[in-house]
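All chains are named by letter (A, B, ...) in the order of the sequence lines, taking the proteins before the strands, and each is independently numbered beginning at 1. Values in this document were obtained by computation on a predicted structure and should not be read as measured data.
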Number of protein chains: 2
Amino acid sequence: MNENTTKLTPTSVLNLWHGVMLRALRDEHPDLTARQFALLLHVYLTPPPHTVRGLAAELNMSKPAVTRALDRLGRHDLARRKRDHADKRSVLIQRTVKGSVYLREFGDMAARVAAEL
Amino acid sequence: MNENTTKLTPTSVLNLWHGVMLRALRDEHPDLTARQFALLLHVYLTPPPHTVRGLAAELNMSKPAVTRALDRLGRHDLARRKRDHADKRSVLIQRTVKGSVYLREFGDMAARVAAEL
DNA sequence: AAAGTCCGTTTCGCCTGCGTAACGACATGA
DNA sequence: TCATGTCGTTACGCAGGCGAAACGGACTTT
């Protein structure tokens with residue numbers, strides 16, 4: 001579908017993954033769990049609105065796990081909570097500038113690794 | 001360098017990462033830490049021999065962390081230890097059939113995700 | 001307005017990871 | 001031989017994640 005990712009073979013994607021994780025470890029990235037990172041990606045790459053319940057279902061996590069992940073991301077200012085006006089029980093998860101920068105840098109780094117394959 | 005990964009942009013690699021992690025969560029992959037997974041990839045994608053000390057240096061981990069990661073991978077039969085005959089202090093980390101299968105399946109899954117981008 | 005439902009959070013006990021420091025086994029050099 | 005260094009592991013205390021269950025607050029239904 002996307003011209004930019006044509007012919008990415010299993011072997012090359014493994015090498016990509018390896019290179020990126022290696023870089024992430026060396027750069028001492030704020031260590032996010034796989035789930036926390038997946039949550040972050042999900043909030044930034046899929047259309048809003050995002051609720052705790054919705055994220056839990058889509059990411060196959062329990063609600064408390066989502067709550068805790070949001071606590072952690074919030075502490076790093078990578079995501080923010082905002083009460084829903086329409087339904088005050090709900091919480092809307094929003095993006096932050098710092099989160100956008102963080103993911104953009106991650107993407108740039110990964111693209112660089114891919115280029116050096 | 002590699003024709004198979006031409007023009008992988010920051011945006012597309014982020015989408016790839018997102019899709020793969022989503023799949024991994026849904027499929028309830030044996031949850032390996034980032035470090036454990038990086039270690040696994042390193043053992044399979046870089047040339048032997050691999051020692052605890054060497055892996056610790058290359059992955060920017062402490063030696064005990066490597067030991068524990070190897071315990072975990074060993075329990076899942078994804079990697080194996082073998083004493084070095086030449087220097088009996090050392091341990092050589094070896095690949096297993098199950099580990100090869102596991103990574104091949106991961107690579108296939110990731111390539112499939114990339115194709116569907 | 002009372003009963004029931006839904007939302008996100010908190011609490012609880014458990015499990016696993018972490019780095020530092022100390023350890024025994026082995027190798028090496030004087 | 002024996003002092004010193006290096007190998008991987010273990011011991012320790014700490015920090016953080018996990019799911020199940022219970023919770024208060026907010027909607028909805030009757």
Side-chain angles (χ1 to χ4, degrees), chain A residues 21-22 24-43 48-95, chain B residues 21-22 24-43 48-95:
Chain A
M21 300 205 70
L22 222 61
L25 287 181
R26 290 201 203 290
D27 297 356
E28 315 258 3
H29 265 238
D31 56 62
L32 302 180
T33 303
R35 291 168 144 199
Q36 291 165 355
F37 194 63
L39 180 50
L40 182 65
L41 284 167
H42 203 75
V43 168
H50 299 291
T51 65
V52 171
R53 184 164 183 74
L55 291 168
E58 288 159 12
L59 296 173
N60 196 28
M61 302 167 57
S62 66
K63 285 189 300 172
V66 172
T67 292
R68 287 185 298 254
L70 289 176
D71 288 344
R72 187 138 175 81
L73 293 179
R75 242 178 280 126
H76 288 278
D77 196 30
L78 297 173
R80 185 170 301 154
R81 281 183 246 242
K82 187 193 167 196
R83 295 229 75 91
D84 186 349
H85 298 305
D87 184 343
K88 290 178 184 169
R89 293 172 300 180
S90 285
V91 164
L92 303 176
I93 288 81
Q94 303 187 313
R95 304 164 188 173
Chain B
M21 299 205 70
L22 222 60
L25 287 180
R26 290 201 202 291
D27 298 356
E28 314 256 3
H29 267 237
D31 58 62
L32 301 179
T33 302
R35 290 169 146 196
Q36 291 165 354
F37 194 62
L39 181 50
L40 182 65
L41 284 167
H42 204 74
V43 168
H50 298 291
T51 65
V52 171
R53 182 168 180 73
L55 291 169
E58 288 159 12
L59 297 173
N60 196 28
M61 301 167 57
S62 67
K63 285 189 299 174
V66 172
T67 292
R68 287 185 299 254
L70 289 175
D71 289 343
R72 185 138 176 81
L73 293 179
R75 242 178 279 127
H76 287 278
D77 196 30
L78 297 173
R80 186 170 300 153
R81 281 183 245 241
K82 187 192 166 198
R83 296 229 72 91
D84 186 350
H85 298 303
D87 184 343
K88 291 178 185 168
R89 292 171 300 177
S90 284
V91 165
L92 302 177
I93 287 82
Q94 302 188 313
R95 304 164 186 173

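- Within the nucleic acid shown, Lys63(A) comes within 4.0 Å of at least one base atom, counting heavy atoms only.
- Between Thr33(B) and Phe37(B), every side-chain heavy-atom pair lies at or beyond the 4.5 Å cut-off.
- Checking side-chain atoms of Asn60(A) against main-chain N and O of Leu25(B) turns up a donor-acceptor pair under 3.5 Å.
- Here chain B contacts DNA chain D (any atom closer than 4.0 Å to a heavy atom, that is under 4.0 Å), and the contacts span dG5(D) to dT10(D) from 5' to 3'.
- For Arg95(B) (side chain) and Ala79(B) (main-chain N/O), no donor-acceptor pair under 3.5 Å exists by modelled atom type.
- Proximity of Ile93(B) to Val52(B): side-chain heavy atoms (C-beta onward) are separated by under 4.5 Å at one or more points.
- Pairs passing the salt bridge (Lys or Arg N to Asp or Glu O under 4.0 Å) check and including a residue from residues 50-77 of chain B, sequence neighbours excluded, read Asp71(B)-Arg81(B), Asp77(B)-Arg80(B).
- Between Pro64(B) and Val66(A), the residue anchored closer to the 5' end of DNA chain D is Pro64(B), taking for each the nucleotide with the nearest heavy atom.
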Test log, rule side-chain contact (heavy atoms from CB on, under 4.5 Å), inputs Leu39(B) and Leu70(B): CA-CA 8 Å; Leu39(B) 181 50; Leu70(B) 289 175; 4.2 Å; yes

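- Side-chain atoms of Val91(A) and Arg83(A), non-hydrogen and from C-beta on, do get closer than 4.5 Å to each other.
- Between Leu32(A) and Leu73(A) there is a side-chain heavy-atom pair separated by less than 4.5 Å.
- For residues 24-35 of chain B, every residue pair satisfying the salt bridge (Lys or Arg N to Asp or Glu O under 4.0 Å) rule, not counting sequence neighbours, is listed here: Arg23(B)-Asp27(B).
- Along DNA chain C, the stretch of nucleotides lying under 4.0 Å from any heavy atom of chain A spans, 5' to 3', dC6(C) to dT10(C).
- Residue pairs meeting the salt bridge (Lys or Arg N to Asp or Glu O under 4.0 Å) criterion with at least one partner in residues 85-94 of chain B, sequence neighbours excluded, are Asp87(B)-Arg89(B).
- Annotation: proximity of residues 67-87 of chain A to DNA chain C (heavy atom, distance under 4.0 Å) is found for Thr67(A), Arg81(A), numbered in ascending order.
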